[in-house]
Amino acid sequence: MPLHHLTPTTWVDRLLPPRVRPYLYLTRIDKPIGSLLLFYPCAWSITMASYALQAPFTTPLTYISLFGLGAIVMRGAGCIINDMWDKDLDKSVARTKERPLARGDITRSQAFVFLGTQLAVGLGILLQLNWYSILLGASSLSIVTIYPLMKRITYWPQAVLGLAYNWGALLGWSAIANDVDWSICLPLYAGGVCWTLVYDSIYAHQDKGDDVHAGIRSTALLFGERTRLILSGLSGSTLSLISYAGYLNHQGEAFYAGVTIAAFQLARVLYKTDFDSRESCWKGFTGCGWSGFWIWIGTLADYTLLLLS
C-alpha cells in the first residue's frame, strides 16, 4: 500500500481533490498551531501599539485581520522553504518521511512555483502597510531562508527560528505607528524569541532519536536531561521580558493578568511533558500556544478597558 494511504484523514482529504492535497499538506495548513505561533507576537505588538496611541478599535481590527492572513500565508511559505531544503533529511525521520516532497508526491520545481504564489500573496498583504513596515517586513526573509540550514551547522536552530517567528513583534508596532518604539519592542521581541526556544525545543524532542542518525542538530539534543530546567529558565525570561515591555508601555492590570495565566500554562506544560514521548511533546508544543493566546487576551482586555474608560 502506498504511504500516502496511511496518512490519517484530515479535512484536506475529505474536502479537496487529490491533486491539490500535496500542496496544502506542504503548507501544514491542517496543523494551524504553526500559524498561531507566528500570529501571536504580531497580535501582542499591534494591540500594545493601539493601546499606547489610543487608536480607535477599527485600527487593530484591520491590522490583526491582515496579519492573521499573513501568518497563514507566510507560515506556509516557510514550510515550503524548509521542506525544499530538507527533502532528503526528511526521508530519514519517521515523523517527516511522509511529507509531500520527501514522499515524492510533488517535485522541488512544483514546490518552487507554489512558493512563488505564496510569496506573491504575502507581498500583496505586506504592500497594504506603510513603507517603513514594508522594508522592515522584507528584511526578515533572509532569516526565514537560512533557518533550515541552521540545523546542519548549529545546535541552536530554534534560536534562529525565534528571530524569524517573532518579527511580528516589531512589524505589528510599525504597522500601527509608522515606526518602531525600540524601547518597548526589543524586550517584547526578545521575550518572543525565548518563548520560541521553549516551544520549539519541546517540538524537537519528538525527533531526537532520528535526528542523531540523520545528523540534525537541535536544542533538544543540546539540552538533553537538563531540558526541563533550561526551559523553565527560558519561560521565566519570556514572561519577564514581555512584562517589562508592558511596564514600559504603561499597561494595566488586565495585561498582567494575561501574563499570569500564561505563566501557569507554561508551568503546566513543563511539569506534564514527557520529553521521551512524541505524543506528550506534541501536546506540550501545542499547549505552549495557549500561553501566547493568554498574553494577547490580557493585552486586548487592557486596550478594551482603555477605550471604555
Side-chain angles (χ1 to χ4, degrees), residues 1-35 37-39 68-128 134-135 137-154 157-158 160-161 163-165 167 200 203-204 206-207 210-211 213-218:
M1 182 182 290
L3 282 174
H4 60 273
H5 290 314
L6 300 176
T7 303
T9 300
T10 69
W11 65 267
V12 175
D13 297 308
R14 291 193 298 270
L15 300 178
L16 297 171
R19 290 182 61 185
V20 175
R21 294 171 194 166
Y23 292 95
L24 291 185
Y25 279 125
L26 192 61
T27 68
R28 320 277 204 276
I29 199 167
D30 59 311
K31 297 175 180 175
I33 181 61
S35 297
L37 293 169
L38 182 59
F39 168 72
L69 179 59
I72 295 171
V73 171
M74 294 310 297
R75 186 267 185 132
C79 289
I80 296 171
I81 293 170
N82 182 79
D83 288 7
M84 288 176 68
W85 273 100
D86 287 354
K87 178 181 178 181
D88 295 328
L89 284 177
D90 283 345
K91 295 176 183 179
S92 304
V93 178
R95 189 181 55 83
T96 61
K97 66 183 181 181
E98 289 194 51
R99 286 178 176 173
L101 273 169
R103 200 167 55 201
D105 290 347
I106 56 176
T107 65
R108 272 200 177 103
S109 296
Q110 291 172 313
F112 184 75
V113 172
F114 186 46
L115 173 62
T117 303
Q118 293 276 100
L119 291 176
V121 175
L123 178 61
I125 295 171
L126 187 63
L127 290 175
Q128 306 307 305
I134 291 171
L135 295 174
S139 66
S140 69
L141 285 178
S142 59
I143 306 175
V144 175
T145 303
I146 67 168
Y147 160 67
L149 177 63
M150 294 298 104
K151 67 187 72 173
R152 295 163 170 84
I153 62 176
T154 177
Q158 283 70 29
V160 180
L161 180 68
L163 295 176
Y165 243 59
W167 206 257
D200 206 50
Y203 184 87
Q206 296 178 102
D207 302 325
D210 292 327
D211 287 351
H213 300 294
I216 299 172
R217 302 178 185 183
S218 71

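Predicted model, so just to flag it, every value in this text is computed and none were measured.
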pair I216-V93: side-chain heavy atoms closer than 4.5 Å: yes

Note, W11 side chain near I29 side chain (heavy atom, < 4.5 Å): yes

N/O donor-acceptor pair under 3.5 Å between T107 side chain and Q110 backbone: yes

CA sep, side-chain torsions, deciding dist, call: L115, M84, side-chain contact (heavy atoms from CB on, under 4.5 Å): CA-CA 10 Å; L115 173 62; M84 288 176 68; 4.3 Å; yes

Between CG on residue D207 and OH on residue Y203, distance to nearest 0.5 Å: 6.5 Å

Smallest separation among heavy atoms of R21 and L16, with atom names: NE-O, 2.8 Å

Nearest heavy-atom neighbours spanning S35 and A71: O-CB, 3.7 Å

M74 vs L141 side-chain heavy atoms within contact, under 4.5 Å: yes

Trace of the side chain to side chain donor-acceptor pair (under 3.5 Å) decision for N82 with K151: CA-CA 11 Å; N82 182 79; K151 67 187 72 173; 3.3 Å; yes

Any residue meeting ring pair (Phe, Tyr, Trp, His ring centres under 6.0 Å) with Y147, in chain and number order, not counting sequence neighbours: none

Side chain to side chain contact (heavy atoms under 4.5 Å, CB included) partners of L163, counting only residues at least two apart: I143, Y189, V193

Set of residues satisfying side chain to side chain contact (heavy atoms under 4.5 Å, CB included) with respect to L127, sequence neighbours excluded: L123, I134

Heavy-atom side-chain contact between W167 and V144 under 4.5 Å: no

The single option from V12, D105, L101 passing side chain to side chain contact (heavy atoms under 4.5 Å, CB included) against P22: D105

Those residues that, when tested against K31, pass salt bridge (Lys or Arg N to Asp or Glu O under 4.0 Å) (two or more places apart): none

Residue pairs fulfilling salt bridge (charged side-chain N to carboxylate O under 4.0 Å, His left out) with at least one residue in residues 73-84, sequence neighbours excluded: R28-D83, D83-R99

I81 side chain near P148 side chain, heavy-atom distance below 4.5 Å: yes

Atom pair CD1 (I80) and OG1 (T117), whose distance is rounded to the nearest 0.5 Å: 8.5 Å

Minimum heavy-atom distance between A204 and D211, given as atom pair plus value: O-OD2, 4.2 Å

From E98 atom CD to R103 atom CZ, the distance as rounded to the nearest 0.5 Å: 5.5 Å

Set of residues satisfying salt bridge (Lys or Arg N to Asp or Glu O under 4.0 Å) with respect to R152, sequence neighbours excluded: D86

Separation between CZ of F114 and CG of L119, rounded to the nearest 0.5 Å: 10.5 Å

D90 (side chain) donor-acceptor with K87 (main chain) under 3.5 angstrom: no

Spatial distance of atom CD (Q118) from atom SG (C79) [nearest 0.5 Å]: 9.5 Å

From OH (Y23) to CD1 (I106), nearest 0.5 Å: 5.5 Å

Side-chain donor/acceptor of D210 to backbone N/O of A94, under 3.5 Å: yes

